[in-house]
Amino acid sequence: MAMFNLSSMSKPTQSAYDVVIVGAGPGGLSAALYAARARLKTLILERATEGGQITLTNVVEDYPGFDLITGQELADKFTEHARKFGTNFANEEVVEMDLTGEVKKIKTDLGNEYTSKVVIMATGSNPRKLGVPGEDEFANRGVSYCAVCDGSFFKDKRLVVVGGGDSAVEEAIYLSKIASEVTIVHRRDKLRAQKIVQERAFKIPNMKFVWNSIVTEIGGNNSVEYVTIKNVKSGELTKHPTSGVFIYIGLVPNSELVKDIVKTDEHGFILTNERMETNVKGVYAVGDVRKTVLRQVVTAAADGAIAAIDLGKYFD
Ligand code: NAP
């Protein structure tokens with residue numbers, strides 16, 4: 001029997017909105033909620049999963065009002081809330097944007113073109129890669145950037161986590177409940193993660209730390225069998241047996257689409273003023289893609305609210 005993909009069969013459409021939001025993470029969903037409540041015709045375009053990066057997080061414990069909630073549950077709540085007040089959603093990837101004129105034009109992978117007076121970039125970020133031999137070769141065969149997605153494959157196995165920030169330590173704690181041993185390899189002798197998270201990690205019996213060290217190679221046969229660890233102080237190389245490597249060494253902003261028109265910093269994070277406006281009139285940026293001092297669900301949500309309230313001035 002022939003299979004039909006309805007979305008690819010349908011004719012490309014042209015639709016006009018007041019506000020188009022690119023990305024359905026906490027920043028985009030919060031902006032959508034506020035914009036929709038202001039009775040603006042609002043569309044969110046999302047290429048992957050509604051909820052963004054938090055759907056890849058096991059538990060969230062620092063979003064006010066929720067002392068313990070899974071990333072997926074919180075993402076679902078954000079999404080339902082935005083939908084309840086009339087946000088339109090489309091599961092489409094933006095491939096081209098013309099943001100220069102009064103009317104912004106947004107083209108997607110389905111051939112649809114949307115226009116709007118205001119665009120909010122809420123495209124978030126992706127995990128940064130280590131860039132060492134074996135990283136690409138062993139992707140999905142022991143190398144992972146998502147403990148919640150892949151952790152269960154490593155029951156009672158030895159694991160390595162690379163990085164010293166909130167993501168590395170929180171996800172290592174999650175993995176320590178599944179694996180027989182988790183070794184955090186960090187390039188300095190102090191973690192960057194929040195103190196409360198560090199305290200918890202230091203108490204876990206099957207959690208080990210290798211300080212002042214980097215992973216220089218990931219090796220094995222059919223799947224990961226070892227990493228080579230280099231002590232950055234002594235230069236000493238050690239072969240460390242492991243079944244998996246989870247890499248959490250920071251974020252790369254998803255600003256490719258607009259980097260030639262919207263100002264960014266040297267790492268590609270979009271520059272905004274305190275109202276989340278970029279240098280281009282009618283274009284805002286919120287959440288992880290923005291240059292900011294803190295990247296949390298609560299700050300992304302706050303960014304979205306500020307942008308959505310400010311953009312009201314285009315519709316007075
Ligand atoms: P991050 O805070 O930027 O930390 C990245 C870590 O990786 C740092 O420890 C850094 O070392 C290390 N690193 C960077 N490049 C490296 C390289 N090439 N080789 C080896 N190590 C390298 O990133 P993140 O942990 O992904 O967090 C991103 C943002 O999300 C942060 O603002 C974080 O606070 C936030 N976040 C919050 C929560 C929460 O509140 N529950 C959870 C997850 C993430 P140095 O320390 O030496 O720089």
Side-chain angles (χ1 to χ4, degrees), residues 25-27 51-75 122-136 143-149 151 160-175 182-202 209-218 227-233 240 245-254 265-270 286-303:
Q53 291 260 355
I54 45 167
T55 58
L56 307 179
T57 306
N58 176 36
V59 289
V60 177
E61 308 186 300
D62 52 10
Y63 189 69
F66 296 89
D67 59 0
L68 187 68
I69 185 164
T70 70
Q72 187 61 58
E73 277 172 333
L74 188 58
T123 41
S125 54
N126 273 336
R128 177 178 293 134
K129 287 186 151 194
L130 260 183
V132 299
E135 184 176 18
D136 289 340
V143 172
S144 173
Y145 307 86
C146 178
V148 179
C149 319
V160 162
V161 171
V162 187
D166 283 326
S167 301
V169 182
E170 286 189 352
E171 301 310 310
I173 291 171
Y174 170 73
L175 290 169
V182 176
T183 301
I184 291 188
V185 179
H186 183 38
R187 64 183 179 183
R188 290 187 294 136
D189 62 356
K190 278 192 188 65
L191 296 173
R192 180 180 290 279
Q194 297 169 46
K195 284 283 181 297
I196 188 169
V197 178
Q198 295 191 27
E199 285 165 15
R200 213 175 280 160
F202 290 142
F209 294 86
V210 178
W211 302 109
N212 297 313
S213 297
I214 56 172
V215 167
T216 56
E217 180 205 2
I218 300 167
V227 292
T228 303
I229 297 174
K230 180 181 178 182
N231 184 302
V232 292
K233 296 238 154 122
H240 178 99
V245 190
F246 286 79
I247 298 165
Y248 288 105
I249 59 163
L251 306 169
V252 179
N254 291 322
D265 72 0
E266 68 275 25
H267 305 294
F269 289 102
I270 298 175
V286 301
D288 280 7
V289 74
R290 184 174 88 84
K291 182 177 165 64
T292 175
V293 290
L294 189 61
R295 291 195 174 82
Q296 302 273 300
V297 181
V298 71
T299 50
D303 286 1

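Heavy atoms only: backbone and side chains are in, while hydrogens, waters and symmetry mates are out. Note that ligands are numbered from 1 as they come in the structure, with each ligand's atoms numbered from 1 the same way.
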Subject >> Identity and separation of the nearest protein heavy atom to atom 3 (O) of ligand 1 >> reply: Gly250 CA, 3.9 Å
Subject >> Any N or O of Gly165 closer than 3.5 Å to N or O of ligand 1 >> reply: yes
Original post:
Measuring from Leu130:CG to Tyr248:OH, what's the distance to the nearest 0.5 Å?
Top reply: 12.5 Å
**OP:** Would you mind finding which of Glu171, Arg192, Arg295 brings a heavy atom closest to atom 45 (P) of ligand 1?
**Re:** Arg192
**OP:** Look at the side chain of Glu217 and the backbone N and O of Pro133, then say whether any donor-acceptor pair between them is shorter than 3.5 Å.
**Re:** no
Subject >> Distance in Å, Phe209 CZ paired with Asp189 CG, rounded so as to fall on 0.5 Å steps >> reply: 13.0 Å
Original post:
Does Thr299 use its side chain to pair, donor to acceptor, with the backbone of Leu294 at less than 3.5 Å?
Top reply: yes
Original post:
Hey, does Gly164 come in under 3.5 Å of ligand 1, counting only N/O atoms on both sides?
Top reply: yes
Subject >> Side chain to side chain, Val297 and Phe66, heavy atoms closer than 4.5 Å >> reply: no
**OP:** Output yes when a side-chain donor or acceptor of Arg187 lies under 3.5 Å from a complementary backbone atom of Ile214, and no otherwise.
**Re:** no
Subject >> Residues which pass side chain to side chain donor-acceptor pair (under 3.5 Å) with Asn212, listed by chain and number, not counting sequence neighbours >> reply: none
Original post:
So which bit of Leu251 gets within less than 4.0 Å of ligand 1, heavy atoms only: side chain, backbone, both or neither?
Top reply: side chain
**OP:** Output yes when a side-chain donor or acceptor of Asn126 lies under 3.5 Å from a complementary backbone atom of Val252, and no otherwise.
**Re:** no
Subject >> Closest to atom 14 (C) of ligand 1 among Leu130, Ile249, Asp166, Val197 (heavy-atom distance) >> reply: Ile249
**OP:** Report the nearest protein non-hydrogen atom to atom 37 (C) of ligand 1: residue, atom name, distance rounded to 0.1 Å.
**Re:** Gln296 NE2, 2.9 Å
Original post:
atom 41 (N) of ligand 1: which protein heavy atom is closest, and how many Å away?
Top reply: Glu170 OE2, 2.9 Å
Original post:
Tell me, which protein residue and heavy-atom name are nearest atom 11 (O) of ligand 1, and how many Å apart are they?
Top reply: Arg187 NE, 3.1 Å
Original post:
How far is atom 25 (O) of ligand 1 from its nearest protein heavy atom, and which residue and atom is that?
Top reply: Ser167 N, 3.0 Å
Subject >> Any Gln194 heavy atom less than 4.0 Å from ligand 1 >> reply: yes
**OP:** Tell me which protein heavy atom sits closest to atom 40 (O) of ligand 1, plus the residue, atom name and distance to 0.1 Å.
**Re:** Asp62 OD2, 2.5 Å
Original post:
Judged by atom type as modelled, is there a donor-acceptor pair below 3.5 Å linking the side chain of Asp288 to the main-chain atoms of Ala300?
Top reply: no
Original post:
Is the shortest distance from a heavy atom of His186 to ligand 1 less than 4.0 Å?
Top reply: yes
**OP:** List the closest protein heavy-atom neighbour of atom 47 (O) of ligand 1: residue, atom name, distance to the nearest 0.1 Å.
**Re:** Arg188 NE, 2.7 Å
